[in-house]
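What follows is a set of notes on a single structure, which appears directly below.
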Amino acid sequence: SVERIERPALEEFHAAHCAPAALSLALVGDIDPARAIDRAHGVFGEWMAPTVTGSVPLTLDTGTSSGNRRTRVVPMMNKSQTDIAYGFVTIARRDSSYDAFWLMNNILGQYSLGGRLGDSIREQQGMAYYVFSSLDANLMPGPLSIRAGVSPANVSKAVASIDTELRALVDGGPTEQELQESKQYLIGSMPRALETNIGIATYLQTVEFFGLGLDYDVRMPDLLRAVTREQVHDAARRAIDPDNATVVVAGPFEGPLS
């Protein structure tokens, strides 16, 4: 599909959606504000373009029908390690439950040595070179993804262990200790994220893009502290269903996935 795109289509898209009215610019560093604004004006000040016609329409098939597990194996027999990608479509960034989903993902596969997934699959069972989860909520519902690198002999066992950990979180929810430690971890991560120029610039663009407000770093701790254990449990129930997962395995493995 990429090869079929021709120049006129790109020019039309640029004219419709890339315009001064849609631009945000963050400049961070040891700079004089007036001079920075003057230089930015010198680069962008004469840029004239028609008014942006609107957002690009986004559609998404979330594949939410029950029992619709999808698996694919991509044999790559010249590799030494097999990699697993396992996930679901979840929520958009502006979803009112985002903070609960954020905490749920941290408990699942981010905190400490990799959350529940890391503790079980890597530390206790010794099956994975790495294992973690990530939540990529964006303008439209984004994925909750689990990634793992394992020996080819452990692929089926690792996938089964992921299933087990996910079902345990859905059935029992997080512990109070997991919830409090994850809150502390995420709240403590904000100052670290703002230690560098690029970190501050990224933060400013993110809060502008999602409309979070420039004081989001100040409000974020209280937003997380207000999330209850039941809300995180509900996020797990909404996001996670192993019977409806997409599982892809690539590496020296020919399947089938059991």
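Side chains are part of it too, since the values below use all heavy atoms of this structure and drop only hydrogens, waters and symmetry mates.
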Can you confirm whether [X] sits close enough to [Y] that some side-chain heavy atom of one is under 4.5 Å from a side-chain heavy atom of the other?
{"X": "Val74", "Y": "Val249", "value": "no"}
{"X": "Gln81", "Y": "Phe253", "value": "no"}
{"X": "Val248", "Y": "Val73", "value": "no"}
{"X": "Pro141", "Y": "Thr90", "value": "no"}
{"X": "Arg69", "Y": "Asn244", "value": "no"}
{"X": "Arg122", "Y": "Met127", "value": "no"}
{"X": "Tyr216", "Y": "Phe210", "value": "no"}
{"X": "Pro242", "Y": "Ile240", "value": "yes"}

Checklist entry - Is there a side-chain contact (heavy atoms from CB on, under 4.5 Å) between Asn78 and Met76 once you walk through the steps? => result CA-CA 6 Å; Asn78 60 328; Met76 303 173 70; 4.2 Å; yes
Counting only N and O atoms by type, is there a donor-acceptor contact under 3.5 Å from the side chain of [X] to the main-chain atoms of [Y]?
{"X": "Arg229", "Y": "Gly173", "result": "no"}
{"X": "Thr196", "Y": "Gly199", "result": "yes"}
{"X": "Ser120", "Y": "Arg116", "result": "no"}
{"X": "Tyr203", "Y": "Ile198", "result": "no"}
{"X": "Arg70", "Y": "Asn68", "result": "yes"}
{"X": "Asp241", "Y": "Asp243", "result": "yes"}
{"X": "Asp215", "Y": "Val218", "result": "no"}

Checklist entry - Are Arg93 and Tyr98 in a cation-pi contact, defined as NZ or CZ under 6.0 Å from the six-membered ring centre and within 45° of the axis? => result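 The answer is yes, since Arg93 meets both limits relative to Tyr98.
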Look at the side-chain heavy atoms of Ile, Leu, Val, Met, Phe, Trp and Tyr, link any pair under 4.5 Å apart, and say whether [X] and [Y] land in one connected group.
{"X": "Phe209", "Y": "Met220", "result": "yes"}
{"X": "Val159", "Y": "Leu117", "result": "yes"}
{"X": "Val207", "Y": "Leu223", "result": "yes"}
{"X": "Leu144", "Y": "Phe132", "result": "no"}

Look at atom [atom1] of [X] and say whether more than 12 heavy atoms of other residues, nucleotides or ligands are closer to it than 6.0 Å.
{"X": "Arg237", "atom1": "CZ", "result": "yes"}
{"X": "Glu11", "atom1": "CD", "result": "yes"}
{"X": "Arg72", "atom1": "CZ", "result": "no"}
{"X": "Gln205", "atom1": "CD", "result": "yes"}
{"X": "Glu254", "atom1": "CD", "result": "no"}
{"X": "Met77", "atom1": "CE", "result": "yes"}
{"X": "Leu214", "atom1": "CG", "result": "no"}

Checklist entry - Is the closest basic N to carboxylate O distance between Arg238 and Asp95 below 4.0 Å? => result yes
Looking at [atom1] of [X] and [atom2] of [Y], how far apart are the two atoms once the value is rounded to the nearest 0.5 Å?
{"X": "Phe101", "Y": "Ser96", "atom1": "CZ", "atom2": "OG", "value": "9.5 Å"}
{"X": "Ile121", "Y": "Asp119", "atom1": "CD1", "atom2": "CG", "value": "10.0 Å"}
{"X": "Leu169", "Y": "Thr164", "atom1": "CG", "atom2": "OG1", "value": "12.5 Å"}
{"X": "Gln110", "Y": "Leu135", "atom1": "CD", "atom2": "CG", "value": "9.0 Å"}
{"X": "Ile37", "Y": "Leu27", "atom1": "CD1", "atom2": "CG", "value": "8.5 Å"}
{"X": "Ile107", "Y": "Ser112", "atom1": "CD1", "atom2": "OG", "value": "12.5 Å"}

Taking every non-hydrogen atom, the tightest pair across [X] and [Y]:
{"X": "Ala137", "Y": "Ile91", "answer": "CB-O, 3.4 Å"}
{"X": "Met104", "Y": "Ala239", "answer": "CE-CB, 3.9 Å"}
{"X": "Val170", "Y": "His233", "answer": "O-NE2, 2.7 Å"}
{"X": "Pro152", "Y": "Ser80", "answer": "CD-O, 3.8 Å"}
{"X": "Gly29", "Y": "Asn197", "answer": "CA-ND2, 3.7 Å"}
{"X": "Val131", "Y": "Gly118", "answer": "CG1-CA, 3.6 Å"}

Next on the checklist: Leu204 vs Ile200, test: side-chain contact (heavy atoms from CB on, under 4.5 Å). Steps then yes/no.
Outcome noted: CA-CA 6 Å; Leu204 292 172; Ile200 296 171; 4.1 Å; yes
Checklist entry - Run the side-chain contact (heavy atoms from CB on, under 4.5 Å) check on Tyr86 and Ser133 step by step: do they pass? => result CA-CA 9 Å; Tyr86 181 128; Ser133 66; over 6 Å; no
Next on the checklist: Set out, in order, the CA-CA distance, both residues' side-chain angles and the distance that settles side-chain contact (heavy atoms from CB on, under 4.5 Å) for Gln231 and Ser97, then state yes or no.
Outcome noted: CA-CA 8 Å; Gln231 287 173 321; Ser97 300; over 6 Å; no
Checklist entry - Should the ring pair His17 and Phe13 be called parallel, tilted or perpendicular, given that the plane angle runs from 0 to 90° and is split at 30 and 60? => result tilted
Could you list the donor-acceptor pairs under 3.5 angstrom formed by side chains in residues 181-189, with sequence neighbours left out?
| from | atom 1 | to | atom 2 | distance (Å) |
| --- | --- | --- | --- | --- |
| Glu181 | OE2 | Gln177 | NE2 | 3.0 |
| Ser182 | OG | Asn106 | ND2 | 3.0 |
| Ser182 | OG | Glu178 | O | 3.0 |
| Lys183 | NZ | Arg225 | O | 3.0 |
| Lys183 | NZ | Val227 | O | 2.6 |
| Ser189 | OG | Leu186 | O | 2.6 |

Checklist entry - Between the side chains of Ser24 and Glu208, is a donor N or O closer than 3.5 angstrom to an acceptor N or O? => result no
Item to check | Tyr130 and Asp83 side chains, donor-acceptor separation under 3.5 Å | outcome: yes
